[in-house]
Chemist: 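Sharing a structure below in structure tokens format, with a few things to ask.
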Amino acid sequence: MCGIVGYIGTADATAIIVDGLQRLEYRGYDSAGVAVLNGKGIEVRRDVGKLSNLRARVQADPIHGTLGIGHTRWATHGIPSQRNAHPHVSMAGDFVVVHNGIVENYLELREQLMAEGVNFASDTDTEVIVQLIERYAHAEVEVDFASAVRQAVRCLRGAHAIVVIHKHEPNQMIAVRIGNAGGVALGLGEGEMYVASDIPAILEHTRRMVFLESRQMALISREGYALFDLDGQPLVGDVQTIAWDPVSAAKGEYKHFMQKEIFEQPRAITDTLGGRIDFEHHRVHLPDLNLSAGHALELRRLVTVACGTSYYSGLVGKFFIEQIARLNVEVDYGSEYRYRDPIIDRQTAILAITQSGETVDTLAAMEEARDKGGTVWSIVNAFGSQAMRVADGTITMNAGPEIGVASTKAFTSSIVDQYLLAIYLGQLRGTINDEQRVALVQDASRIPALVSKALELDEQVHQLAGELYHFTDFLFVGRGLNYPIALEGALKLKEISYIHAEGYPAGEMKHGPIALIDENMPVLAIAPRDGLYEKMISQIEQAKARGGLVIAVATEGDTLIAGKADHVLYIPQTAELINPVVSVIPLQLLAYHIAVWRGADVDQPRNLAKSVTVE
């Protein structure tokens, strides 16, 4: 899911909404639509493809009114089509909704509603929201607009940004935010109000904005807004004035781009899932990979080449692809790969991971692979980049622009892309059965909400960082899938705070690094309740026995670890394979907050560049 824009006032809503959606095109999308309330009711125009198609449709068949909502969509549930494009209308035509996020329990809700006689007009998960609102509004004991929305959103699992309009409420729209599926910004005007998923959409019209927090609802009218929690208790909004400067405006409510990009991860992951998972049939589709089933069966080896953070992402992906697709995976530094005359043939696939798509070392490795007859794929964030153009097939991260030099949302998005690649290869190679495939896809659908939940650690991590920022050395340890996360956590800390940090597989701690552990060496242990949990507990005890200060990343409800570590950062329970996407969140937050406490330049750390284009 992608961009949301809404307007209520005295001007032509359609023009404002479509222009606002245009400013959100950078987020990527496959369809777009607009709904406007006029004197006759609610009229909707939707189209597939670029926003220019929607503009042409609106020009050919105009709609006029002063209240409306619009959306650009990345498909998650249901293929890109007019019927699946947002906005979605309730069966009786009284309510219209746009939505960012994934309704994790949509199949269950859809079955309930169909049993009650609801006819669905799309294949999307979003439509259950608008049908639920109508169900509560038209129940035996009818409730008002706000109460119907409130009751409906309480039924949803996952993280969501939702905007709703009502045919019989011409002076009101409602916006809701649950978790971090995307931002919801209210723009304050004179006799008019705006709502958007990102600031650039409405900055032309107003600089005064209020940002919804998780589990908040706004009732928006021409005269202003009223803010409530999901229990209906009134709240006070914090009005912020956004600078006209494009860089400051893009940061919005955040102090730094890195902070913004950390919190954009649920939305970025939702967008990278978009269009690739058929949630109804529980299958993954990666058409841009250009891979046939026959070629997939021929493959004997995959080599991932990458640099820095992308290299650590590849180490996580190795677990996915080997376990799910049963294909041998090697992970190599792009800067080293071509210098040892690597062995490559048609049965070898080369996977290049690069946020910018212009990293010179990775591009050189891709050229080496092509020259030797290998199949070359890329996972990139920058559409149209060199790595995308030279590859035989591509998976785009769809994370949106990443401005901070230290990569965050591109890291987690690329991990999720490799998870999808593993399932896709498993389908083609026949290495997973139907039951396994369904479980893997269901786990994927939960990732945005799990990441959103982990982001709730922010204030706790901020306080912890205030106790840790004066240390000069850190040791990060993890096992299995979380060993690469230990490497990534150490890299983030050293990149932006200039503190020396090392990442190690926890089992290697006693083979050298344990000599360094004392009261001046904090040890950050990633210890979720997985198959290696007991071994991680042993490593924590060894660190404590030598006077180490231990900070543990652990699973919610783990009381044992609370008695062994000095500080515990609890993350939600996850399926074991997808745990790294969640366990990295507190490490990103910790690096960020320590850097802020130290007064470092978070977004532009010294000696580093976002895209490394020289060898």
Side-chain angles (χ1 to χ4, degrees), residues 3-21 32-47 54-55 57-73 82 85-100 121-122 126-127 129-138 142-150 152-153 161-176 184-197 201-202 205-206 217-226:
I4 291 174
V5 181
Y7 173 78
I8 181 170
T10 58
D12 178 35
T14 303
I16 290 170
I17 292 166
V18 175
D19 286 348
L21 293 174
V34 60
V36 172
L37 180 63
N38 59 24
K40 303 175 184 177
I42 298 172
E43 290 194 65
V44 178
R45 302 288 183 270
R46 303 182 293 195
D47 215 327
L54 177 63
R55 282 191 183 276
R57 180 170 290 275
V58 169
Q59 289 170 0
D61 189 9
I63 48 175
H64 299 290
T66 57
L67 186 160
I69 52 178
H71 190 270
T72 49
R73 174 188 189 246
Q82 280 192 34
H86 293 209
H88 288 290
V89 186
S90 62
M91 189 170 72
D94 288 348
F95 298 91
V96 180
V97 70
V98 291
H99 165 233
N100 284 346
S122 78
T126 296
E127 192 181 349
I129 300 173
V130 74
Q131 304 294 9
L132 280 170
I133 294 169
E134 186 165 85
R135 172 222 262 177
Y136 287 113
H138 295 168
E142 292 196 6
V143 299
D144 61 21
F145 184 18
S147 297
V149 173
R150 191 176 292 114
V153 299
I162 302 165
V163 184
V164 193
I165 61 176
H166 183 1
K167 177 180 178 180
H168 302 298
E169 292 285 352
N171 189 41
Q172 195 173 82
M173 69 171 68
I174 293 178
V176 181
V184 179
L186 310 182
L188 285 60
E190 296 295 330
E192 57 188 357
M193 288 284 294
Y194 307 83
V195 61
S197 54
I202 56 176
H205 305 286
T206 180
M217 170 191 287
L219 276 60
I220 307 160
S221 68
R222 290 170 176 81
E223 293 74 34
Y225 70 97

Chemist: I want to check something: taking the side chain as every heavy atom from C-beta on, are Val96 and His88 in contact at a cut-off of under 4.5 Å?
Modeler: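 A side-chain contact under 4.5 Å is absent here.
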Chemist: On the 0 to 90° scale, with breaks at 30° and 60°, tag the Phe145-Phe95 ring pair as parallel, tilted or perpendicular.
Modeler: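 Geometry flag for Phe95 against Phe145: tilted rings.
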Chemist: Output the distance between atom NE2 (His99) and atom CD1 (Ile129), rounded to the nearest 0.5 Å.
Modeler: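 Here the rounded value is 4.0 Å.
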Chemist: Using a 4.5 Å cut-off on heavy atoms from C-beta on, say whether the side chain of His71 contacts that of Asn100.
Modeler: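 Touching, per the 4.5 Å side-chain cut-off.
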Chemist: Report the distance from atom CD1 of Ile63 to atom CZ of Arg45, rounding to the nearest 0.5 Å.
Modeler: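 If we round to the nearest 0.5 Å, Ile63:CD1 and Arg45:CZ are 5.0 Å apart.
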Chemist: Return the OG to CD1 distance between Ser197 and Ile202, rounded to the nearest 0.5 Å.
Modeler: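 Output value for this atom pair is 9.5 Å.
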Chemist: With Arg55 as reference, evaluate Thr14, Asp47, Asp19 under the side-chain hydrogen bond (donor to acceptor under 3.5 Å, both in side chains) test and give the passing residue.
Modeler: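 Of the listed options, the one satisfying the test is Asp19.
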Chemist: Taking all heavy atoms of Tyr7 and all of Met173, pick out the closest pair and write down the distance.
Modeler: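 Looks like O-CE, 3.3 Å.
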Chemist: Is there a side-chain contact between Val130 and Val89, using heavy atoms and a 4.5 Å cut-off?
Modeler: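 A side-chain contact is absent here, since even the closest heavy-atom pair is not under 4.5 Å.
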Chemist: Name the residue from Ile162, Ile220, Leu219 that meets the side chain to side chain contact (heavy atoms under 4.5 Å, CB included) definition with Ile174.
Modeler: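 That would be Leu219.
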Chemist: Could you work out, with side chain to side chain contact (heavy atoms under 4.5 Å, CB included) as the rule, every residue matching Asn38, not counting sequence neighbours?
Modeler: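 For Asn38, the residues satisfying side chain to side chain contact (heavy atoms under 4.5 Å, CB included) (neighbours in sequence not counted) are Lys40, Glu43.
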Chemist: Side chains of Thr66 and Arg222: any donor to acceptor distance under 3.5 Å?
Modeler: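 Note: Arg222 and Thr66 side chains meet the donor-acceptor criterion.
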Chemist: Rounded to the nearest 0.5 Å, what separation is found between the CD1 atom of Ile8 and the CG atom of Asn171?
Modeler: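 The CG atom of Asn171 is 4.5 Å from CD1 of Ile8, to the nearest 0.5 Å.
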Chemist: Would you indicate whether the side-chain heavy atoms of Leu21 and Ile17 approach each other to under 4.5 Å?
Modeler: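 Sidechains of Leu21 and Ile17: in contact.
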Chemist: Can you list the residues that meet the ring pair (Phe, Tyr, Trp, His ring centres under 6.0 Å) rule with His168, with sequence neighbours excluded?
Modeler: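 Checked His168 against ring pair (Phe, Tyr, Trp, His ring centres under 6.0 Å); matches are His166.
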Chemist: Keeping the roles fixed (side chain from Arg46, backbone from Gln82), state whether a donor-acceptor pair exists under 3.5 Å.
Modeler: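 Side chain of Arg46 to backbone of Gln82: a pair is present.
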